[in-house]
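Take a look at the structure set out below.
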Protein chains: 2
Amino acid sequence: MSDDEPDTDQTFHHAERFSRARAAQAVALLEDYAEMIGDLMAEAGEARVADIAARMGVTHPTATKAVARLKREGLAVSRPYRGVFLTEAGQTLADHVRARHRIVVDLLIAVGVPTETAELDAEGLEHHVSTQTLAAFKQYLDTSRRGD
Amino acid sequence: MSDDEPDTDQTFHHAERFSRARAAQAVALLEDYAEMIGDLMAEAGEARVADIAARMGVTHPTATKAVARLKREGLAVSRPYRGVFLTEAGQTLADHVRARHRIVVDLLIAVGVPTETAELDAEGLEHHVSTQTLAAFKQYLDTSRRGD
DNA sequence: GCGGAAATATAGCCTTGGCTTCATTGCTGT
DNA sequence: ACAGCAATGAAGCCAAGGCTATATTTCCGC
């Protein structure tokens, strides 16, 4: 360092940012599982562990564990050997996540990312898009659609 | 499901996407640490564990562990009780990550995200931006700058 | 040149989110 | 109706990435 207390402020900002990113990551998986279960419920009326596992690209036990986490968080309910269902809160979360996903994909496409790539990247990106950024995306899509 | 084999294809695509996102997450931390060490080396000539820890917002042992991972991956070198230095590979990675970070931030700002928010979100987003998407961002920034 | 403070390392623990293996349950076809 | 198979659940392992507490080493002031 070049000064006496050269990085106290900046250091704090950095740490803040990384903490936020870590926190976002913590809920990302739950969001994905909730959205997936929402999709399956919409398509088939119920979500079975095997389907969840297949779509998430994980093994059955991993899906089961994830469901347990969802239940613990009050986002899903299930009885042993029965399908999994979202609670009201879970459904709300799923809807929110799905909407956000669409906006992120649309924005990527709008700035010139190929559709296929946009879908791929959005899966990872979406969890780190804050409310403010999402709002900015929405507005950009609106005006750009009008403007074109 | 409504059909016989209704989701084989789509399921595969989903799984692919999630796998990619998980893989991206796995290297995200290494990237962050590498960039951070690169910054500190540029500023101070060396990166000390205490500085790394402070900027990452983690405790010293956590930073030490991360450095061990970096060394294992051939991205950094260090001798006990001495500073940490990036290898050629580590430096390359750090430069790449820093460049990507800038582009992501600039793109967010270009589509209307407030500067502060852009910096915050970029920290999490950047690790999921593929090469293709980054290229699209770059081009968008170029043409939008010219166009304005 | 030596003693104490600061920096670094080590050990051990926790949670998350993967995995495999094995037990149990439910469903289905004959 | 029940045997067998598919699906679910349970148990136990692993690596990553956090933490606290403790030991070690370096460095700096006197």
Side-chain angles (χ1 to χ4, degrees), chain A residues 1 4-5 7 11 15-16 18-34 36-37 40 44 46-73 75-85 123-124 127, chain B residues 1 4-5 7 11 15-16 18-34 36-37 40 44 46-73 75-85 123-124 127:
Chain A
M1 312 300 159
D4 283 315
E5 293 290 340
D7 60 353
T11 292
E16 272 286 290
F18 288 119
S19 294
R20 267 182 59 109
R22 280 196 295 270
Q25 195 53 39
V27 295
L29 255 287
L30 275 302
E31 291 181 348
D32 280 337
Y33 278 104
M36 179 100 325
I37 293 171
L40 289 166
E46 71 166 358
R48 280 152 63 244
V49 170
D51 300 331
I52 299 170
R55 289 224 187 163
M56 291 297 296
V58 299
T59 56
H60 307 166
T62 299
T64 301
K65 267 201 195 178
V67 169
R69 253 173 280 140
L70 287 170
K71 288 171 73 172
R72 180 147 43 85
E73 302 286 333
L75 299 170
V77 290
S78 77
R79 300 200 328 274
Y81 294 97
R82 286 281 121 95
V84 179
F85 301 88
E123 207 61 67
H127 302 290
Chain B
M1 311 301 165
D4 283 315
E5 292 290 341
D7 61 351
T11 292
E16 272 287 290
F18 288 119
S19 294
R20 267 181 59 109
R22 279 196 297 269
Q25 195 54 37
V27 296
L29 255 288
L30 275 302
E31 291 182 348
D32 280 337
Y33 278 103
M36 179 104 321
I37 292 171
L40 289 166
E46 70 166 359
R48 280 152 65 243
V49 170
D51 300 331
I52 299 170
R55 288 226 188 160
M56 292 297 295
V58 299
T59 56
H60 307 167
T62 299
T64 301
K65 266 202 195 178
V67 169
R69 272 191 301 269
L70 287 170
K71 289 170 72 170
R72 182 148 42 84
E73 303 285 333
L75 298 169
V77 289
S78 77
R79 298 202 327 274
Y81 295 96
R82 285 282 121 95
V84 179
F85 300 89
E123 207 61 66
H127 303 290

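Just so you know, these numbers come straight off a predicted model, no measurement behind them.
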When rounded to whole Å, the CG to P distance for the pair Leu29(A) and dT15(C) reads 18 Å
Taken to the nearest whole Å, CG/Asp32(A) to P/dT16(C) is 17 Å
Distances under 3.5 Å between nitrogen or oxygen atoms of protein and nucleotides 9-15 of chain D:
| unit_1 | atom_1 | unit_2 | atom_2 | d |
| --- | --- | --- | --- | --- |
| dG9(D) | OP1 | Tyr81(A) | N | 3.2 |

Taken to the nearest whole Å, CG/Asp51(B) to P/dA7(C) is 9 Å
Query raised in the report: When you check the side-chain N and O atoms of Glu31(A) and His127(A), is any donor under 3.5 Å from an acceptor?
Result: yes
Rounded to whole Å, the CZ-C1' distance (Arg22(B) to dT16(C)) equals 13 Å
*Do Arg69(A) and Leu30(A) have side-chain heavy atoms sitting under 4.5 Å apart?*
yes
Regarding Ala66(B), tell me which of base, sugar-phosphate or nothing describes its non-hydrogen contacts under 4.0 Å with the strands shown.
nothing
From CD1 of Ile52(B) across to P of dG18(D) the rounded distance in Å is 13 Å
The answer to which of Glu73(B) and Thr62(B) contacts DNA chain D further toward the 5' end, by nearest nucleotide, is Glu73(B)
Q) Can you check whether Tyr33(A) has a side-chain N or O nearer than 4.0 Å to OP1 or OP2 of dT16(C)? A) no
Worksheet item: Is there side-chain contact between Leu29(B) and Phe18(A), with heavy atoms separated by less than 4.5 Å?
Response: no
- Query: Is the closest side-chain heavy-atom distance between Tyr33(A) and Val58(A) below 4.5 Å?
  - Reply: yes
Closest non-hydrogen contact found for Met36(A) with Arg55(A) is SD-CB, 3.0 Å
Atom CD of Glu46(B) and atom C1' of dA7(C) are separated, to the nearest Å, by 11 Å
dA16(D) phosphate, OP1 or OP2: any side-chain N/O from Arg69(B) under 4.0 angstrom? no
When rounded to whole Å, the CE to C1' distance for the pair Met56(A) and dG18(C) reads 12 Å
Rounded to whole Å, the CZ-P distance (Arg20(A) to dG18(D)) equals 17 Å
Closest non-hydrogen contact found for His60(A) with Ala53(A) is CD2-CB, 3.7 Å
Glu46(B) vs Val84(B), side-chain contact (heavy atoms from CB on, under 4.5 Å): CA-CA, chis, key distance, verdict: CA-CA 7 Å; Glu46(B) 70 166 359; Val84(B) 179; over 6 Å; no
